[in-house]
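Worksheet: the structure to be examined is printed underneath.
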Protein chains: 2
Amino acid sequence: MVSDAESAPVFAKPPVTLREVAAAAGVSVATASKALNGQGRMTAETRERIRETARLLGFRPNSLAQSLLRKRSFTVGLLTNDTYGRFSLPLMAGVSDALVDKGVSVFLCNVEDDQRLGQLHVEAMLDKRVDGIIATGKRIDRHLPVDLSNLRIPVVYAFTQPDPGAVGLVSDDAGGARLAVEHFLRLGRRRIAHVTGPAGFAVVHTRAEAWRGVLKENGLTTSEPLLGAWSEGWGHEAVEKLFGKAGRGGQPDAIFCGNDQIARGVIDALRERGIRVPDDVGVIGFDNWEIVAEATRPPLTSVDMNLASLGREAGLALLSLVDGQPAAPGIRKLPCRLVVRQSCGSPPG
Amino acid sequence: MVSDAESAPVFAKPPVTLREVAAAAGVSVATASKALNGQGRMTAETRERIRETARLLGFRPNSLAQSLLRKRSFTVGLLTNDTYGRFSLPLMAGVSDALVDKGVSVFLCNVEDDQRLGQLHVEAMLDKRVDGIIATGKRIDRHLPVDLSNLRIPVVYAFTQPDPGAVGLVSDDAGGARLAVEHFLRLGRRRIAHVTGPAGFAVVHTRAEAWRGVLKENGLTTSEPLLGAWSEGWGHEAVEKLFGKAGRGGQPDAIFCGNDQIARGVIDALRERGIRVPDDVGVIGFDNWEIVAEATRPPLTSVDMNLASLGREAGLALLSLVDGQPAAPGIRKLPCRLVVRQSCGSPPG
DNA sequence: CCAAATTGAGAAAACCTTTTCTCACGGGAG
DNA sequence: CTCCCGTGAGAAAAGGTTTTCTCAATTTGG
């Protein structure tokens, strides 16, 4: 039977301090500290006795005290404005994953697109003496609504526009696009269209350039990319434009889409027109948003930006900056990866 | 012109300390502290002079030192296993949102479904002296892979299975289901089917019970819910089952779906069969996953679990626990909200 | 057997802030 | 003129840990 008196104030007893360990082991705090950290000189027997005592008492050093002294909090801030998006989550997981093993914890700071909120969070992080900051967002070509340029701690930008002279990590969108188009070429497709998002996004142009580049390199005729919205609806419309005038020989046998939602719209529209995917037309998307890619019929081949890796790299980059290792400023691009499902077809052989 | 020597080691200068402020103002640290905190006694003139000095020097108190003394770190941990999911993100945003104004920062800890990782994160949080922990996940009826039952700090569970005797916050799934079914009834629908996820999920039964309950209360005949998967594919199949035998008079005029993906599959399948939505059959989904709900044709009416509010409430609950206010243990259910779009139809009038 | 070197361990300062005491000084009351 | 009290401000301890310095005791070398 558990009494109320027993269960209620269960979180009252304070943690064990080094002083208590020292007392229990019959040594000074200095000796105890050195014993546990493998520092200083003492008999192996003493060291072991202290360690055993600490273990028995469940001693865990107070990070706050350690941080105060060492001027390292083993804490970093993660700033994002991608509240509901799907980009920041894998990225955050990657960051967290890279850092937890080194004993570094991550402050999650959601700043929306709000200056005031950004300011608030940055100040809170600074006050808590974070060792560094990772800035991330939903767009590679936009700044967060905060100024991180004159902080006295290192900053790494991942999947967001870096300040000039700062360290930035982004996905290699051009490379990702090449991956898709070259895959189509290997499968024998020759008339490859590109349906993508609005002109206002930098990645729209990056990917379109790469698409066009691969076609040119292979001596194929190029056309204009179809710019629209990042939506299924636009995918439908685009199919209308591409296949509207029936019977024309110039209709594509492959469509490279700017994201998975567009691709989904494209595939649905093609099916409704009785055009078979992948037999008549192959489709490749971008983002590899699994829940969408796997629900299309057939399942969607898509370019994955490896956001978790990006997050991991960002975490590691920040850490080495914190350790005083100067990092080459500028933007580093991390490779994408093509996840092949069934929407792109199989080799002709 | 900015010289390299100037821009490179920009994060070398240490922050201003209270001691420096005191020196600059010609007082002791004690007086400086009191001046800035509005404590102690001194001439208004002295206080103002110190404040002005602090402002000029850009002094910000070191949270680490404050925490050490006050035994409050103004920091909480947020534990989740929903790495890529869409539930935890709005929830986390809500938590962060509720706490940032009170100067509390949130440690993001992604534990996947990994015991070791969970252990690691909890220990890191404890070492950093978080004031409390919020546990959240992707399923209401599953525990996180960590034992939080004997911590000496308060824990609040949000959208995950709480330990017995703990404080838990979840969405009111039964209420949400009622919202949907009653909406159908108000629109004059009478034969309302229910297509939902696998039997292994508690919410499947909760929502199904509520659905059946509303039908019974209104004297309508009830049937068995169709249990399957949380996927579009299952939505398709379910339509097959419901409308397979053509001509039967008992075919539904409304379908309440267990999530938005199922609803999406249902709507697509209905369209392919030439059944008009919402004219012939109304459809309502669950989760209000906007990116899906808005892409269905027609846009999907759906039950929103108000996850951001849930997160906010969880944050506030934890805070009052931290402040020593005893909270009633047990599970508190927060209301859902029906977001009406076009898939459910309009009133007959 | 003595001086020197080494060893084991503790004292104390430092990190930065808050808070409780203490104290000097000036003014008012008796 | 003395006593007491209120006022303004500083000294010091506390919080938990790390690290440098110091010192006594023991061992080594001559």
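Per chain, numbering begins at 1; letters A, B, ... match sequence-line order.
- When each of B:Leu91, B:Thr136, B:Leu144 is checked for a side-chain contact (heavy atoms from CB on, under 4.5 Å) with B:Thr80, only B:Thr136 meets the rule.
- Side-chain contact between B:Ile153 and B:Leu321 is absent, with no heavy-atom pair separated by less than 4.5 Å.
- Pairs engaging residues 15-38 of chain B under the salt bridge (charged side-chain N to carboxylate O under 4.0 Å, His left out) rule: none recorded [sequence neighbours left out].
- Residues meeting the ring-ring contact (aromatic ring centres under 6.0 Å, His included) test with A:Phe87, sequence neighbours left out: A:Phe159.
- We find that CG of A:Leu68 is positioned 17 Å from P of D:dA14, with the value rounded to whole Å.
- Between the CG atom in A:Leu108 and the OG atom in A:Ser88 there is a gap of 8.5 Å [rounded to 0.5 Å].
- Taking every heavy atom of residues 42-62 of chain B and every atom of DNA chain D, pairs under 4.0 Å involve B:Met42, B:Thr43, B:Thr46, by number.
- Applying the 6.0 Å contact sphere to CD of B:Glu48 captures more than 12 heavy atoms from other residues, nucleotides or ligands.
- Here the side chains of B:Leu18 and B:Leu36 are in contact, with some heavy-atom distance below 4.5 Å.
- For DNA chain C, the span of nucleotides reached by chain B at under 4.0 Å from its heavy atoms goes, 5' to 3', from C:dC15 to C:dT20.
- Residues B:Leu318 and B:Pro154 have side chains in contact (heavy-atom distance under 4.5 Å, counting atoms from C-beta outward).
- Taking atom CZ of residue A:Arg70 and atom P of nucleotide D:dT19, one finds them 7 Å apart after rounding to whole Å.
- For residues 89-132 of chain A, the set of pairs meeting the ring pair (Phe, Tyr, Trp, His ring centres under 6.0 Å) definition, not counting sequence neighbours, comprises A:Phe107-B:Phe107.
- Sorted by first and then second residue, the salt bridge (charged side-chain N to carboxylate O under 4.0 Å, His left out) pairs involving residues 54-65 of chain A (not counting sequence neighbours) are A:Glu52-A:Arg55, A:Arg60-B:Glu123, A:Arg60-B:Asp127.
- Residues A:Leu89 and B:Met92 have side chains in contact (heavy-atom distance under 4.5 Å, counting atoms from C-beta outward).
- With sequence neighbours excluded, no residue forms a ring-ring contact (aromatic ring centres under 6.0 Å, His included) with A:Tyr157.
- If one axis is set at each end of the helix from C:dC1-D:dG30 to C:dG30-D:dC1 from five pairs, those axes are 60° apart, to 10°.
- In this model, the phosphate group of D:dG16 is not approached by any side-chain N or O of A:Gln66 to a distance below 4.0 Å at OP1 or OP2.
- Identified under the side-chain hydrogen bond (donor to acceptor under 3.5 Å, both in side chains) test for residues 316-334 of chain B, with sequence neighbours left out: B:Arg72-B:Asp323, B:Glu313-B:Arg332.
- Within a heavy-atom distance below 4.0 Å of DNA chain C, the residues of residues 28-40 of chain A found are A:Ser28, A:Ala30, A:Thr31, A:Lys34.
- Between B:Arg41 and D:dA9 there is no side-chain N or O to OP1 or OP2 distance below 4.0 Å.
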Can you tabulate the close N/O pairs, meaning under 3.5 Å, that link protein atoms to atoms of nucleotides 24-29 of chain D?
none

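- Between B:Arg70 and B:Asp131 there is no salt bridge, since none of the side-chain N atoms of the basic residue sits less than 4.0 Å from a carboxylate O of the acidic one.
- Counting to the nearest Å, the C1' atom of D:dT19 and the NZ atom of A:Lys71 are 14 Å from each other.
- Take A:Pro15 and apply the side-chain contact (heavy atoms from CB on, under 4.5 Å) test, not counting sequence neighbours, and it matches B:Arg129, B:Arg152.
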